[in-house]
Amino acid sequence: MSKTRKILRILAKTYPEPETALTHESPFQLLVATILSAQCTDQRVNIITEKLFADYPTVWKMVTLPLPELEKYIRSAGLWQTKASNIKKTCQRLIEEHNGEVPADQRALMALPGVGRKTANVILANAFQIPAIAVDTHVLRVANRLGLANSKSPDHTEEQLMKIIPKKDWADAHHWLIFHGRKICKARKPLCHACPLRDLCPSSTALETDPQEE
DNA sequence: AACTCGGGGCA
DNA sequence: TGCCCAGAGTT
């Protein structure tokens with residue numbers, strides 16, 4: 001079995017619930033939640049969307065929400081204010097250019113305000129079951145440390161991961177690597193001593209923090 | 001490639 | 001206080 005397979009098998013066992021934690025009932029709701037999820041954990045996003053989607057569940061409803069009102073939702077979670085106007089503009093453009101539907105196409109998604117490659121891939125994988133790997137800061141860091149990729153470029157890392165990870169695992173691998181990056185393989189002071197992948201990781205020795213360190 | 005945006009939460 | 005956070009857009 002390849003090293004990649006071994007890593008995926010361990011991750012699947014360690015993080016058995018790979019589904020996105022973003023609560024949503026439609027591609028549109030997932031799109032809004034994913035835009036919000038930048039610089040913010042899913043848990044906090046769900047606090048916003050629980051109220052937001054209750055009153056404005058569809059693009060047709062949300063487009064009627066005045067920007068200042070939308071900003072109040074955003075501000076309550078400490079998110080970048082530009083997200084509010086991006087969501088507002090995205091609602092308008094979905095209606096004007098896509099008949100109110102979320103396009104199942106990467107380029108069309110990325111053309112929307114506030115939607116980059118990462119957000120687009122999350123939508124494709126989780127709303128449309130189109131295989132895609134979203135490389136965020138966690139995935140990028142973990143993949144590099146594990147030796148699955150060797151690049152500072154998310155786009156390049158995405159290409160490498162798509163080559164070595166079986167397509168059926170793409171959506172799950174995204175979540176496995178993110179969970180692992182948050183809980184164990186943290187940017188600072190990674191918990192290598194508690195890492196189920198330590199024996200497979202070329203970086204574990206170098207990253208192991210001094211137990212005496214405060 | 002580097003920079004900005006931005007505030008709540010937590011140590 | 002200081003530091004972190006499931007990015008995107010602009011220069």
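Nucleotide B:dG8 holds its P atom 19 Å from the CG atom of A:N46, rounded to whole Å. Straight-line distance from the CZ atom of A:R75 to the P atom of B:dG6: 11 Å, rounded to whole Å. In this structure, CG of A:L79 is placed 10 Å from C1' of C:dC5, rounded to the nearest angstrom. Residue A:Q81 contributes atom CD, which lies 7 Å from atom P of B:dG6 at whole-angstrom precision. For the pair A:K152 NZ and C:dG7 P, the computed distance is 19 Å after rounding to whole Å. The distance between atom CG of A:L140 and atom C1' of C:dA8, rounded to the nearest whole Å, is 15 Å. In this structure, NZ of A:K89 is placed 16 Å from P of C:dA8, rounded to the nearest angstrom. The nearest whole Å value for the distance from the NZ atom in A:K83 to the C1' atom in B:dG8 is 14 Å.
Taking SG from A:C195 and CZ from A:R145, the interatomic distance works out to 10.0 Å, rounded to the nearest 0.5 Å. Note that the CG atom of A:L177 and the CD1 atom of A:I165 stand 6.0 Å from one another [nearest 0.5 Å]. Between A:C192 atom SG and A:I184 atom CD1 the span is 9.0 Å, to the nearest 0.5 Å.
Distances shorter than 4.0 Å separate none of the side-chain N or O atoms of A:T137 from OP1 or OP2 on C:dC5.
At a non-hydrogen distance threshold of 4.0 Å, A:L112, A:P113, A:G114, A:V115, A:G116, A:K118, A:T119 from residues 104-119 of chain A come into contact with DNA chain C.
Across all non-hydrogen atoms, the minimal contact from A:R141 to A:R182 is NH2-N, 4.5 Å. The minimum heavy-atom distance between A:T90 and A:P113, with the atom names listed, is OG1-O, 2.8 Å.
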Apply side-chain hydrogen bond (donor to acceptor under 3.5 Å, both in side chains) to the pair A:Q160 and A:N150, showing each step before the final yes or no. CA-CA 9 Å; A:Q160 289 184 259; A:N150 183 20; over 6 Å; no
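Heavy atoms of A:Q39 sit under 4.0 angstrom from at least one base atom. Among the atoms of the strands shown, none is found under 4.0 Å from any heavy atom of A:T82.
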Short heteroatom pairs, N/O only, protein and nucleotides 9-11 of chain B, under 3.5 Å:
none

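Nucleotides B:dG6 and C:dT11 are separated by 15 Å at their P atoms, to the nearest Å. Remark: the separation of the C1' atoms in C:dT10 and B:dG7 is 22 Å, to the nearest Å. Only the C1' atoms considered, B:dG9 is 23 Å distant from C:dA8, to the nearest whole Å.
Taking the ring-ring contact (aromatic ring centres under 6.0 Å, His included) definition, one finds that A:H180 meets it with A:Y15, sequence neighbours left out. Remark: A:R5 pairs with no residue by the side-chain hydrogen bond (donor to acceptor under 3.5 Å, both in side chains) rule, at least two apart or across chains.
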Under 3.5 Å donor-acceptor pairs involving side-chain atoms of residues 47-56 of chain A, not counting sequence neighbours:
| unit_1 | atom_1 | unit_2 | atom_2 | d |
| --- | --- | --- | --- | --- |
| A:T49 | OG1 | A:V45 | O | 3.2 |
| A:T49 | OG1 | A:N46 | O | 3.4 |

Donor-acceptor contacts under 3.5 Å from residues 67-74 of chain A side chains, at least two apart:
none

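Which of B:dG6, C:dC4, C:dC5 sits closest to the side chain of A:R188 comes down to C:dC4.
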